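Shown next, in structure tokens, is the structure this report addresses.
Here the structure is a predicted model, which is why all the values come from computation and not from measurement. The figures that follow rest on heavy atoms only: side chains count, while hydrogens, waters and symmetry mates do not. This chain uses plain numbering: 1 for the first residue, then up along the sequence.
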Amino acid sequence: MANKNRKIKAVSLFAGCGGLDLGFTQEGFDIIWANDYDHWACETYKRNFGAHVVEGDITTLNLNKIPRADIILGGFPCQDFSMLWKRGGINADRGNLYRYFVNIVKTSEPKMFIAENVRGLLSANKGNAIKQIVADFAKTGKHGFDVEVHPINFANYGAAQLRERVLIIGVNKKYGKKFKLPPPTHNEKNWMTAREALKGAEKISHNNEHQNITPKTREMLKLIPAGGNFASIPKNHRLYVKGMISHVYRRLDPERPSTTIIAGGGGGTWGYHFKEHRPLTNRERARLFGYPDDFVFEGSITEVRRQIGNSVPPIGIRPIASAVKKFVKQLT
């Protein structure tokens, strides 16, 4: 009985500010060790979870010193797989960082691992990247892993954001069991809307600073309705600019989840309020990911925006973490 009540231990790689870890800790997992190279993300992690996060480049770590755990979590860097920007894919330096994830799985032989990445991974290098990644995970360790690739939209699991991602889930073959992804909790009929998610956000004091925008930007926003983007500006208007991508000057639609909140980019990519002519605050962005209001981010407005935009929506991963918990407890 005591063994069944034991918390499931997890190690978190490329942890960032802890969105993935938050969803799992909310379901009772014990994150015993975490790592990220970004200083401010680690400061955020320490503030909200504790000092078990190790700040540093994963390529410099002694993998043998990472504690053994039941499950390994992580979102290896996705910049080289993203559909938004020019991709180097698996041949780029950052695209190869997943191999450290593989090596840690090999060293620690967990019961299970979960890796999260962008949807663009499926088409990177003409589909060869995901095939190579799955093959590398499948053959690692003494027994190998049954590996499944699950494209998901986090809006279908409760996030107020149409965030399409990929989960790569592996189960140690020595158990002879397969994990089944839980069915979605939401659909287009009951998605969490931006209006619902942002309700009362203005009352939260931390991470709620407003960014300064130029009078020109404010004038542009007045021409863009809720749910629209730069293309909503009349083509004959002096402020119209052609050739931009769809998330530029994108305003929230209050009756739908947000489109994907991104980490980088300059003005025009910040995401804009559906009613007020301004960018979203970081607290509003955090609401669209499902972070609780007492989760405090460390760093400048730009640093915090990057942390949030790079993270996993904790509210969206939580139903999956719940299913993982039940599954891992039956592995013997």
Output yes when a side-chain donor or acceptor of [X] lies under 3.5 Å from a complementary backbone atom of [Y], and no otherwise.
X	Y	result
N128	N125	yes
Y157	P182	yes
R251	H273	yes
T260	L162	yes
T107	N103	yes
T25	D21	yes
T140	F137	no
R250	G227	yes
R318	F24	no
N48	V296	yes

Sidechain N-carboxylate O distance under 4.0 Å for [X], [Y]:
X	Y	value
K180	E148	no
E284	R278	yes
D38	R306	no
E27	K325	no
K216	E219	no

Open item on the list: Counting only heavy atoms not in N212 (residues, nucleotides, ligands), do more than 12 fall under 6.0 Å from its CG?
Closed with: no
Task: More than 12 heavy atoms from other groups under 6.0 Å of NZ on K177 - done: yes
- [ ] Sort out for me which residue in L181, V149, V147 forms a side-chain contact (heavy atoms from CB on, under 4.5 Å) with I169.
- [x] L181
Open item on the list: Ring-plane angle category for F289 and Y291, please: parallel below 30°, perpendicular beyond 60°, tilted otherwise.
Closed with: tilted
- [ ] Describe, in one word, how the ring planes of Y98 and F76 are oriented to each other, choosing from parallel (under 30°), tilted (30 to 60°) and perpendicular (over 60°).
- [x] tilted
Task: Aromatic contact, Y249 with F230 (centres under 6.0 Å) - done: no
Open item on the list: Would you say the rings of Y45 and H52 are close, in the sense that their centroids are separated by under 6.0 Å?
Closed with: yes
Can you find a side-chain donor-acceptor pair between [X] and [Y] that sits under 3.5 Å?
X	Y	result
N172	E109	yes
H143	Y175	no
N282	R305	no
T44	Q307	yes
T193	E196	yes
S311	R285	no

Are [X] and [Y] in one and the same hydrophobic cluster, where Ile, Leu, Val, Met, Phe, Trp and Tyr link if side-chain heavy atoms are under 4.5 Å apart?
X	Y	result
F295	I204	no
V11	L97	yes
L167	V312	yes

Open item on the list: Test side-chain contact (heavy atoms from CB on, under 4.5 Å) on F101 and I72; report intermediate values, then the result.
Closed with: CA-CA 9 Å; F101 197 136; I72 295 179; 3.7 Å; yes
Open item on the list: Quick check with a 6.0 Å cut-off and a 45 degree axis cone: is R195 positioned over the face of F274's six-membered ring?
Closed with: yes
TODO: Please step through salt bridge (Lys or Arg N to Asp or Glu O under 4.0 Å) for the pair D70 and R6, ending with a clear verdict.
DONE: CA-CA 11 Å; D70 300 299; R6 178 182 70 88; 3.2 Å; yes
Task: Close side-chain approach of R165 and N117, heavy atoms under 4.5 Å - done: no
